[in-house]
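A note on names: the letters A, B, ... follow the listed sequences, proteins ahead of strands, and every chain is numbered from 1.
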Amino acid sequence: MQQFAVLQLTGCAGCEVSLLNAEEWLEQYELVYMPLVISANSIPDVDILLVSGGVRTDEDLVRLRRAAPKAKKVVAVGTCAISGGVANLGSRDEVHDLFLAEEGRRHLPRLLPECRSIAEVVPIQQTLPGCPPTPELFVRLLFPPKDLHMAKTVCQECDRKKQKTMRPRHLEGLLRGTVLPEICLINQGYLCIGTSTRGGCNAPCTRAGQPCVGCRGPSEAFIHKGPESWLNTIEKVFSKMTDVPSNEIKAALRSPQLSLFLFQLSHDPSTGGHPGQEVEVL
Amino acid sequence: MVTLIFPLSRIEGHAQVVIEVEAGKVVSAHFQATEYRGFQHFVQGVPAEQMPVIVPRICGVCSTAHHIAAVATLEDIYGVVPPPAASKLRELLLLGQLIQNQATSLFLFTMPDCLGLKSIFAHSEDPELEKFRTSFGSHSLMVRKAGTDLINAAGGQSIHPVKAVVGGMTSAMSSEAADAVNRQMEKALPLACGLFESYWKELLDMGNRIGSLGDDGPAYYVSAAGRDRPDFASRTVCVMNPDGTEEGGFSAAEFLSRLTHRETDYSYAGKTSYKGEVMRANSLARINMFDQMGTPIADEYLKRFRSDFGRPAQDLILYDLARGIELVYAIERASQILEEPLYEVETAVPHTVRDGEGYGLVEAPRGPLIHRYRVRKGLIEKAEFVIPTVHNVMAIERALKVAAQRYITPEKVDMELDQAVGRVVRAFDPCIACATH
């Protein structure tokens with residue numbers, strides 16, 4: 001039986017819960033380390049190591065460096081591990097200064113000056129983006145299907161239909177509350193960026209009436225391009241489908257909610273955020 | 001000074017217990033949260049309407065509670081009352097969370113202690129135990145899945161749900177979806193009862209072997225889930241005195257004014273006290289508070305619990321039995337709601353954004369959760385997250401000290417303390433990602 005371990009660094013445990021929601025791996029994989037459900041204190045040699053969360057503290061750093069060499073394959077799972085995500089928001093300048101002021105703590109891990117992604121610290125072989133990745137994506141990771149057919153974008157997986165005649169003048173969908181069924185969220189005045197976001201999650205948010213915030217990161221067409229190219233494409237979609245002024249779109253795209261997920265490659269856009277590494281993105 | 005550091009597992013998040021010993025005497029027993037991100041700092045400047053998407057990321061286990069608390073806070077500030085259809089759907093969301101959480105806490109986190117295993121997934125050499133474990137493990141996951149699927153159906157996603165918005169919910173639940181989830185509840189109920197019966201027996205057997213878990217002394221009990229029967233739409237924090245009499249029911253603001261919050265130099269989570277005294281939140285607090293559960297099978301279990309253990313029940317080991325009663329209740333209650341018509345066109349009312357300050361109160365599985373935001377020019381100027389686990393830190397440390405004193409003498413340290421420390425902490429089912437946020 002193949003053995004796998006799950007290392008949670010600084011994160012919310014959403015990726016771990018999603019993995020538990022998958023369950024299909026129970027029969028064919030042996031989970032040997034995952035403190036959420038197993039009282040094991042160290043990681044043995046394993047076939048696969050899943051790492052979630054960002055490298056925020058010195059303890060995260062040591063744990064990651066000790067664990068990675070034990071695995072034949074290291075996979076960074078979730079937005080925080082891949083590009084910082086929520087954990088990385090603490091690196092904003094005004095928050096950064098607050099962190100450095102947290103001194104005098106006893107027996108506690110120290111916060112590093114910057115939150116880092118997994119790939120910046122150890123070599124990785126694969127990433128599984130999502131916040132969190134759906135249970136089905138975890139199953140695909142652990143049991144790669146022979147023919148992997150995944151939609152290129154969230155928009156392609158969403159079951160809503162675009163309307164030529166509904167052209168909102170402003171991004172006011174949220175003020176209305178109720179979301180009309182079956183109709184595209186862009187037509188209803190929401191800033192949905194599913195047109196450029198990597199598919200594979202089956203668009204649960206847009207189906208439920210919440211516009212896509214890009215948690216899976218850029219689609220394959222954009223992943224090696226800079227964030228500007230991604231943003232420009234979304235602006236073009238909105239100018240084609242709506243009458244929302246372009247400066248309103250520009251401002252909304254740069255908002256905090258989207259910055260959680262949008263700037264997946266902000267560390268090094270030209271190499272797709274993985275300096276010098278060949279990384280498979282699921 | 002000798003310092004003993006015990007890593008913790010089978011809880012959410014990163015924490016450890018640190019016990020200091022001087023000349024064979026326990027000087028201190030501290031519960032340390034060892035992770036930190038800083039949500040109250042980095043949401044400053046965020047457009048208020050983005051909070052329901054950002055704050056669930058405080059925790060992947062409790063995300064539903066934060067999602068609802070965020071919209072409730074904004075509704076308080078904007079003066080919006082969601083329609084009844086939305087309240088029903090939000091109650092379903094909270095029940096789904098309760099089912100998933102209590103099944104996880106009982107069957108994945110603490111049952112291994114009762115069986116002497118490192119994990120419910122770990123193979124055992126003893127064939128009889130192995131047979132029991134595999135069947136118990138697979139049923140546990142089925143019951144847990146019922147909760148996950150209910151959150152999915154009512155919330156759009158099972159982790160970081162999306163359907164709650166200011167003014168209500170984005171959409172209702174179709175009758176097909178409601179029926180499908182209800183069928184799962186029907187399958188899960190007998191499984192949950194069977195698991196709970198096994199659990200009850202194993203837990204009390206363990207209790208007989210080890211005696212008390214730690215400190216079983218009285219404490220204040222706090223819950224925002226109602227008093228005469230469970231009400232997860234309640235906006236009142238009920239407080240019970242250590243002797244079981246009623247202290248009162250308070251709004252979020254009044255409750256906060258009675259708490260003293262302290263930061264420490266040894267943990268990234270603070271701790272709170274009620275009028276300076278130890279308090280307890282979470283399942284045992286709720287069970288002590290409810291006059292009845294209001295659903296048939298859960299009421300039977302409550303009757304049995306009360307006749308065996310009294311009211312208020314104070315022994316730490318009973319926290320987990322309280323969780324089991326709630327698990328059964330949540331499945332029964334979800335079924336009741338799913339049988340009502342849930343498909344309505346109007347599930348949200350429109351709203352106008354305005355500046356101001358407000359509170360959102362939700363009873364999360366671990367106790368009363370309060371979000372408090374101040375909005376200026378449409379942006380979050382200040383945000384505070386009052387986390388239920390933080391209300392339990394003093395109680396945890398009081399119990400840890402008792403446990404430590406039992407196993408540490410001037411002559412030696414009995415390493416049963418390693419297990420004892422884990423059992424104490426798990427009784428409270430803390431959430432560290434939430435507590436530190």
Considering only heavy atoms, which portion of [X] lies under 4.5 Å from any heavy atom of chain A: side chain, backbone, both, or neither?
X: B:Thr436; answer: neither
X: B:Glu35; answer: side chain
X: B:His351; answer: both
X: B:Leu141; answer: both
X: B:Val349; answer: backbone
X: B:Thr148; answer: side chain
X: B:Ala86; answer: neither

Measuring from atom [atom1] of [X] to atom [atom2] of [Y], what distance do you get when rounded to the nearest 0.5 angstrom?
X: A:Glu23; Y: B:Phe121; atom1: CD; atom2: CZ; value: 8.0 Å
X: A:Ile38; Y: B:Ile120; atom1: CD1; atom2: CD1; value: 11.5 Å
X: B:His67; Y: A:Gln210; atom1: NE2; atom2: CD; value: 7.5 Å
X: B:Ser9; Y: A:Tyr33; atom1: OG; atom2: OH; value: 9.5 Å
X: A:Leu26; Y: B:Thr134; atom1: CG; atom2: OG1; value: 11.0 Å
X: A:Leu108; Y: B:Gln16; atom1: CG; atom2: CD; value: 7.5 Å

Is it the case that the side chain of B:Arg57 and the backbone of A:Cys131 share a donor-acceptor pair, with hydrogens and angles ignored and the cut-off at 3.5 Å? yes

Can you tell me if B:Tyr268 uses its side chain to pair, donor with acceptor, with the backbone of A:Pro109 under 3.5 Å? yes

Expected list for residues 1-15 of chain A: side-chain donor-acceptor pairs under 3.5 angstrom, two or more places apart:
{"residue": "A:Gln2", "atom": "OE1", "partner": "A:Tyr29", "partner atom": "OH", "Å": "3.3"}
{"residue": "A:Gln3", "atom": "NE2", "partner": "A:Glu30", "partner atom": "OE1", "Å": "3.1"}
{"residue": "A:Thr10", "atom": "OG1", "partner": "A:Asp60", "partner atom": "OD2", "Å": "2.6"}

Assess the residue pair B:Thr352 and A:Leu175 against the criterion (side chain to side chain contact (heavy atoms under 4.5 Å, CB included)); give the C-alpha distance rounded to whole Å, side-chain angles, the decisive distance to 0.1 Å, and a yes or no. CA-CA 7 Å; B:Thr352 321; A:Leu175 295 177; over 6 Å; no

Just jot down the side chain to side chain contact (heavy atoms under 4.5 Å, CB included) partners of B:Ala146, sequence neighbours excluded, or say none. B:Met185, B:Ala188

Partners meeting salt bridge (charged side-chain N to carboxylate O under 4.0 Å, His left out) with A:Glu59 (sequence neighbours left out): A:Arg63

Please list, in residue-number order, every residue in residues 155-163 of chain B that has a heavy atom less than 4.5 Å from any heavy atom of chain A; write 'none' if there are none. B:Gly156, B:Gln157, B:Ser158, B:Ile159, B:His160, B:Val162, B:Lys163

Where B:Glu49 and A:Leu174 come nearest, the two heavy atoms and their spacing: CG-CD2, 3.1 Å

Side chain, backbone, both or neither: which part of A:Asn41 has an atom under 4.5 Å from a heavy atom of chain B? side chain

Pair count under 4.5 Å, heavy atoms only, with chain A: among B:Glu12, B:His14, B:Lys145, highest is B:His14

Do B:Leu108 and A:Leu20 come close enough that some side-chain heavy atom pair is under 4.5 Å? yes

Beyond-backbone contact of A:Thr178 with B:Glu346, side-chain heavy atoms, under 4.5 angstrom: yes

